[in-house]
Amino acid sequence: MSQLASTALSVLDLAPIRQGGSAADTFRDSVSLAQLTERLGYTRYWLAEHHNIAGIASAATAVLIGHIAGQTTTLRVGSGGIMLPNHPPLVIAEQFGTLETLYPGRIDLGLGRAPGSDGATMQAMRRNAHAGVDDFPQLLNELRSYLADETPHQRVKAVPGQGTHVPIWLLGSSGYSAQLAAKLGLPFAFAAQFAPGYLFEALRLYRDNFRPSEHLDKPYAMVGLPVMAAESDAMAHYLATTAQQKFLNLIRGKPTQSQPPVEQLDWSPVEQAQVSQFLGAAIIGGPDTVKAGLEEFQAQTGADELMINSDFYNHADRLRSYEIVAEAAR
């Protein structure tokens with residue numbers, strides 16, 4: 001059996017809103033994708049917290065997690081991630097304690113530090129510009145206390161939440177969360193789907209510094225990975241222009257809804273290089289190319305789990321991409 005065949009596969013859904021579509025369309029597509037990937041044997045399905053971004057519909061992340069969990073039966077559903085400094089830890093514990101109570105053994109709580117928004121939106125959320133820089137470990141400790149067993153004389157409790165022991169993951173694109181996850185003995189997920197530059201150093205820091213805990217006896221690393229799979233290499237590269245346009249517009253300060261694929265992109269060499277940095281880990285191609293790419297990536301990283309993000313304009317193309325990935329892994 002190849003390393004890839006024994007590696008868990010999961011889904012990162014950024015809840016994209018298509019040009020000409022709506023958030024309601026996105027939610028229907030997410031349910032459809034979750035149900036398909038559950039049938040295909042994917043392990044978990046995560047949604048990410050973003051705010052004030054025209055093309056992303058997962059701002060109320062916990063609500064959407066509950067919706068997806070309610071429309072599936074075995075898939076683990078969670079956050080990739082909740083931005084901890086955006087919220088009081090008690091509120092997160094109550095939300096995820098409620099989800100765990102509704103869907104026992106199926107909920108994950110992935111946590112990040114970034115705002116998931118711009119400065120004006122941070123102000124609207126009443127988030128301090130320096131939140132999470134120095135106080136993230138303190139916030140994390142408080143959140144964990146609300147999900148752990150109740151302690152004597154504990155005055156503030158998460159109800160529901162207390163004693164649910166929702167699994168916590170730390171997410172990151174640098175060494176900070178890698179080292180903190182290692183210190184606390186927690187699973188770690190690296191965001192190579194948009195920031196692959198620090199991937200290998202972060203994985204090294206996590207594994208070298210890992211301390212066994214009640215949660216894990218050895219490191220467990222998941223890597224987010226962009227994959228655009230289609231029936232041929234040429235078709236996959238054409239369809240991948242939707243993802244490229246998304247990052248191009250982000251660079252230009254004009255985030256947009258998902259755009260239809262194009263034959264040729266109108267970008268400068270500098271912009272092309274910047275987009276290529278964002279998508280540096282992307283695997284784009286037909287079934288054979290994707291299989292070889294996944295096997296090489298897994299061999300290079302030693303990832304315990306690969307979380308696939310496939311960004312397409314047409315939902316049918318997105319569904320097919322996840323089918324091809326599942327076939328490649330088998």
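Heavy atoms only: backbone and side chains are in, while hydrogens, waters and symmetry mates are out. Along the sequence shown, residues carry numbers from 1.
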Subject >> Residue pair F297, V223: steps toward the side chain to side chain contact (heavy atoms under 4.5 Å, CB included) verdict >> reply: CA-CA 10 Å; F297 187 84; V223 179; 3.6 Å; yes

Original post:
Taking it one step at a time, do L9 and L40 satisfy side chain to side chain contact (heavy atoms under 4.5 Å, CB included)?
Top reply: CA-CA 10 Å; L9 291 179; L40 291 171; over 6 Å; no

**OP:** Measure the CG-CD distance between D108 and E100 for me, rounded to the nearest 0.5 Å.
**Re:** 9.0 Å

**OP:** Tell me, yes or no, whether the heavy-atom count around D208 atom CG, taken from other residues, nucleotides or ligands under 6.0 Å, exceeds 12.
**Re:** yes

**OP:** For residues H315 and S32, determine if any side-chain heavy atom of one lies less than 4.5 Å from a side-chain heavy atom of the other.
**Re:** yes

Using a 3.5 Å cut-off and no angle test, enumerate the donor-acceptor pairs between side-chain atoms of residues 169-191 and protein atoms at least two apart in sequence or in another chain.
{"unit_1": "S174", "atom_1": "OG", "unit_2": "Y176", "atom_2": "N", "d": "3.4"}
{"unit_1": "S177", "atom_1": "OG", "unit_2": "L171", "atom_2": "O", "d": "3.0"}
{"unit_1": "Q179", "atom_1": "NE2", "unit_2": "G175", "atom_2": "O", "d": "3.4"}

Original post:
Would you say Y313's side chain and Q19's backbone share a donor-acceptor pair under 3.5 angstrom?
Top reply: yes

Original post:
Are Y45 and L102 connected in the hydrophobic side-chain network, where two residues link if heavy atoms are under 4.5 Å apart?
Top reply: yes

**OP:** Check whether more than 12 heavy atoms from other residues, nucleotides or ligands sit under 6.0 Å from atom CG of D149, and answer yes or no.
**Re:** yes

Original post:
Taking a hydrophobic cluster as the set of Ile, Leu, Val, Met, Phe, Trp and Tyr residues connected by side-chain heavy atoms closer than 4.5 Å, whether directly or through intermediates, do I283 and L203 fall within one such cluster?
Top reply: yes

Subject >> Atom pair CG (L139) and CG (L111), whose distance is rounded to the nearest 0.5 Å >> reply: 10.0 Å

Original post:
Does the salt bridge (Lys or Arg N to Asp or Glu O under 4.0 Å) test come out yes or no for D317 and R320, once each step is laid out?
Top reply: CA-CA 5 Å; D317 294 326; R320 181 60 186 137; over 6 Å; no

**OP:** Any chance you could measure E323, atom CD, to T37, atom OG1, to the nearest 0.5 Å?
**Re:** 10.5 Å

Subject >> Set of residues satisfying salt bridge (Lys or Arg N to Asp or Glu O under 4.0 Å) with respect to E94, sequence neighbours excluded >> reply: none

**OP:** Report yes or no: does D233 contribute a side-chain atom to a donor-acceptor pair with the main-chain N or O of G286 at less than 3.5 Å?
**Re:** yes

Original post:
E49 side chain to T61 main-chain N or O, any donor-acceptor pair under 3.5 Å?
Top reply: no

Original post:
Of all residues at least two apart in sequence or in a different chain, which pass the ring-ring contact (aromatic ring centres under 6.0 Å, His included) check with Y42?
Top reply: Y322

Subject >> Atom of I92, atom of I82 and distance for their closest heavy-atom approach >> reply: CD1-CG2, 3.8 Å

Original post:
Does Q138 reach the main-chain N or O of D135 with its side chain, forming a donor-acceptor pair under 3.5 Å?
Top reply: no

Original post:
Which other residues belong to the hydrophobic cluster containing L239, where Ile, Leu, Val, Met, Phe, Trp and Tyr are joined when side-chain heavy atoms lie under 4.5 Å apart, directly or via other members?
Top reply: M228, M235, Y238, I284, F312

Original post:
Between the side chain of Q298 and the main-chain N/O of L294, is any donor-acceptor distance below 3.5 Å?
Top reply: no

**OP:** Tell me whether I107 is reachable from L84 by hopping between hydrophobic residues (I, L, V, M, F, W, Y) whose side-chain heavy atoms are closer than 4.5 Å.
**Re:** yes

**OP:** Measure across L4 and E295 and return the closest heavy-atom pair with its distance rounded to 0.1 Å.
**Re:** CD2-CG, 3.6 Å

Subject >> Among T242, D29, T26, side-chain hydrogen bond (donor to acceptor under 3.5 Å, both in side chains) partner for R18 >> reply: D29

Original post:
Just how far is it from atom CZ of R28 to atom CG of L33, taken to the nearest 0.5 Å?
Top reply: 15.0 Å

Original post:
So, T164 side chain and G161 main chain: donor-acceptor pair closer than 3.5 Å or not?
Top reply: yes

Original post:
Can you tell me how far the CD atom of E142 sits from the CG atom of L90, to the nearest 0.5 Å?
Top reply: 7.5 Å

**OP:** Given side chain to side chain contact (heavy atoms under 4.5 Å, CB included), test D311 with L14 step by step and report yes or no.
**Re:** CA-CA 8 Å; D311 189 6; L14 295 180; over 6 Å; no

**OP:** Give the cluster check for I17 versus L250: same hydrophobic cluster or not, with ILVMFWY residues linked at side-chain heavy-atom distances below 4.5 Å.
**Re:** no

Original post:
Minimum heavy-atom separation for Q95 to A62, with atom names?
Top reply: OE1-CB, 3.8 Å

**OP:** Determine whether I324 and E231 make a side-chain contact, defined as any pair of heavy atoms from C-beta on separated by less than 4.5 Å.
**Re:** yes

**OP:** Kindly indicate whether the side chain of K246, heavy atoms from C-beta on, has any atom under 4.5 Å from the side chain of F194.
**Re:** no

**OP:** Return the set of residues passing ring-ring contact (aromatic ring centres under 6.0 Å, His included) with F278 (not counting sequence neighbours), or none when no residue passes.
**Re:** F247

**OP:** Using the test ring-ring contact (aromatic ring centres under 6.0 Å, His included), find all partners of F27 that sit at least two apart in sequence or belong to another chain.
**Re:** none

Subject >> G105 backbone acceptor or donor facing R76 side chain under 3.5 Å >> reply: yes

**OP:** Could you check if a side-chain atom of L265 sits within less than 4.5 angstrom of a side-chain atom of E271, using non-hydrogen atoms only?
**Re:** no

**OP:** Return yes if some donor-acceptor pair links the side-chain N/O of D304 with the main-chain N/O of M222 below 3.5 Å, else return no.
**Re:** no

Subject >> Gap separating the CD atom of E296 from the CD atom of Q3, nearest 0.5 angstrom >> reply: 12.5 Å

**OP:** Over all heavy atoms of both residues, which pair between A8 and T43 is shortest? Give the atoms and the distance, please.
**Re:** CB-OG1, 3.6 Å

Original post:
Which heavy atom of V290 sits nearest a heavy atom of A328, and at what distance?
Top reply: CG1-CB, 4.5 Å

**OP:** Treat each ILVMFWY residue as a node, draw an edge where side-chain heavy atoms are under 4.5 Å apart, and state whether V77 and F96 are in one component.
**Re:** yes

Original post:
Under 3.5 Å, side chain of S79 to main-chain N/O of L109, donor-acceptor pair present?
Top reply: no

Subject >> Minimum heavy-atom distance between S30 and D13, given as atom pair plus value >> reply: OG-OD2, 2.6 Å

Original post:
For L216, does its backbone N or O pair with a side-chain atom of S213 as donor and acceptor, under 3.5 Å?
Top reply: yes

**OP:** May I have the step-by-step check of side chain to side chain contact (heavy atoms under 4.5 Å, CB included) for Q193 and M307, ending in yes or no?
**Re:** CA-CA 9 Å; Q193 72 273 7; M307 179 159 272; over 6 Å; no

Original post:
What residue among L75, I68, T73, T72 forms side chain to side chain contact (heavy atoms under 4.5 Å, CB included) with Q35?
Top reply: T72

